[in-house]
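Whatever order the structure lists them in is the order used to number ligands and atoms, beginning at 1.
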Amino acid sequence: MRAVNFFDLNQAQLTAFLVDAGHKPFRAKQLMKWVYHQEISDFSAMTDLSKAMRAWLAESVSFDLPEVVHRAESTDGTVKWVVRVGGGNCVEMVLIPDRSEARDRNTLCVSSQVGCMLDCTFCSTGKQGFDGNLSTADIIGQVVIANRFLAGRGEAVTNIVFMGMGEPLLNFEPVMTATDLLMDDFAFGISKRRVTISTAGVVPAIRNMIGRTDASLAISLHAPNDPLRSQLVPLNKKYPIDELMSVCGDYIVSLGERRSLTIEYTLMRGVNDDLAHAEELATLLRDVRCKINLIPFNPFPGSGFERPSMNRVRRFQTALMQRGFSTMLRTTRGDDIDAACGQLVGRVQDRTQRQARYKEQIRAGGTAAGRRLLPVEELAS
Ligand code: SAH
């Protein structure tokens, strides 16, 4: 068993690890360039290191990546992977290429936990319960896998969103360390504006982000008032909207430049999609530097929610835009491969029994649960 997985360490940690073993600090940058820029992980090829150091590295450092279990490519270009991570569980990651309006993006939606503890009522991950945190290497590994896939096209991941399975801020240190690597020029070198942590609103953790990272922040708001938000996002009972907005303001100010918050708002028919909700939202966000992402609800079996008509979605968007908000409508991608947001139905081994309760509920309601994921060989063809 080697001491350390290379993908678990940010630059500071790698430097400390090397220095502890009697090596010079600048070796960390050298190593990172080999691994992240040249994609070389065979120490014997690292010709600017001494033979003795290479031998020591070969003994001490591994490059363990999650194992790809399934891959599915959508007709619209979206790619979904199911990967087995360190703990033996599977999580999902989705690559969303965007060539529209002269944009040239490859956004990767990464998972940060196996399942989720939060149980937001409209989220399918929430229905699976929770089975543990991903390590930094599990998160970085998702990016490495997507980059290897894109390398065939001469492309790379350009944007990262922590919008896969899990609540990133309940897995704080591994997520922060991964974020360091994503934004480090000696690793992935992605701009801080293009690395977005999405949270249901873990207030103390947002406070802890201040001074620790300058990644972008997205808040899953989904409702303009506490009674409704507490129904949709139970975490709101612990950290109500005013506390959440206040700490978000502090975070954005801490970034010290013209950065803005992203507000995510999943539109559910007859729940939070009235004009009155749009107006209340506009009032709530009056003094918040933000852009609003509207996500039409993605249905899954037994959810109990429905997607509003396009007319209602447009009406909601127009109301916000008329009040001066930059508002994006997130189009559904990867529908044919179940890669849409909130549809990341994996095979989480639930330690909370939530999955069983939910399945029972669906059985009682007579709705089909679960989806079959095809093995990678079937999908690659
Ligand atoms: N725990 C993080 C990441 C969750 S997934 C968070 O709460 O932000 C990213 C986004 O997808 C969140 O805004 C989440 O609320 C939203 N989402 C979850 N299920 C959805 C569904 N069925 N349809 C549309 N959006 C959904």
Ala200 neighbourhood, listing ligand 1 atoms whose heavy-atom distance to it stays under 4.0 Å: 6 (C), 7 (O), 8 (O)

Enclosure of Arg289 CZ (heavy-atom neighbours >12, cutoff 6.0 Å): yes

Neighbour count >12 (heavy atoms, 6.0 Å) for atom CZ, Arg153: yes

For ligand 1, the portion of Phe305 having any non-hydrogen atom under 4.0 Å away: neither

Glu264 contact mode with ligand 1 (heavy-atom cut-off under 4.0 Å): side chain

For Cys123, the ligand 1 atoms whose distance to one of its heavy atoms is below 4.0 Å: 18 (C), 19 (N)

Ligand 1 contacted by Gly166 (non-hydrogen, < 4.0 Å): yes

Backbone or side-chain N or O of Ile295 under 3.5 Å from ligand 1 N or O: no

Asp119/Lys127 ion pair, N-O < 4.0 Å: yes

Flag, side chain of Ser216 to backbone of Thr196, donor-acceptor distance under 3.5 Å: no

Contact with ligand 1 for His222, non-hydrogen, under 4.0 angstrom: yes

Short side-chain to backbone donor-acceptor contact, Asp8 and Ser135, under 3.5 Å: no

Ion pair check, Glu59 and Arg54, cut-off under 4.0 Å: no

Pro66 and Arg84, any side-chain heavy atoms less than 4.5 Å apart: no

Proximity of Thr199 to ligand 1 by residue part, where a heavy atom lies under 4.0 Å: backbone

Element-labelled atoms of ligand 1 that are located less than 4.0 Å from some non-hydrogen atom of Ser220: 6 (C), 7 (O), 8 (O), 12 (C), 13 (O), 15 (O)

Backbone or side-chain N or O of Asn298 under 3.5 Å from ligand 1 N or O: yes

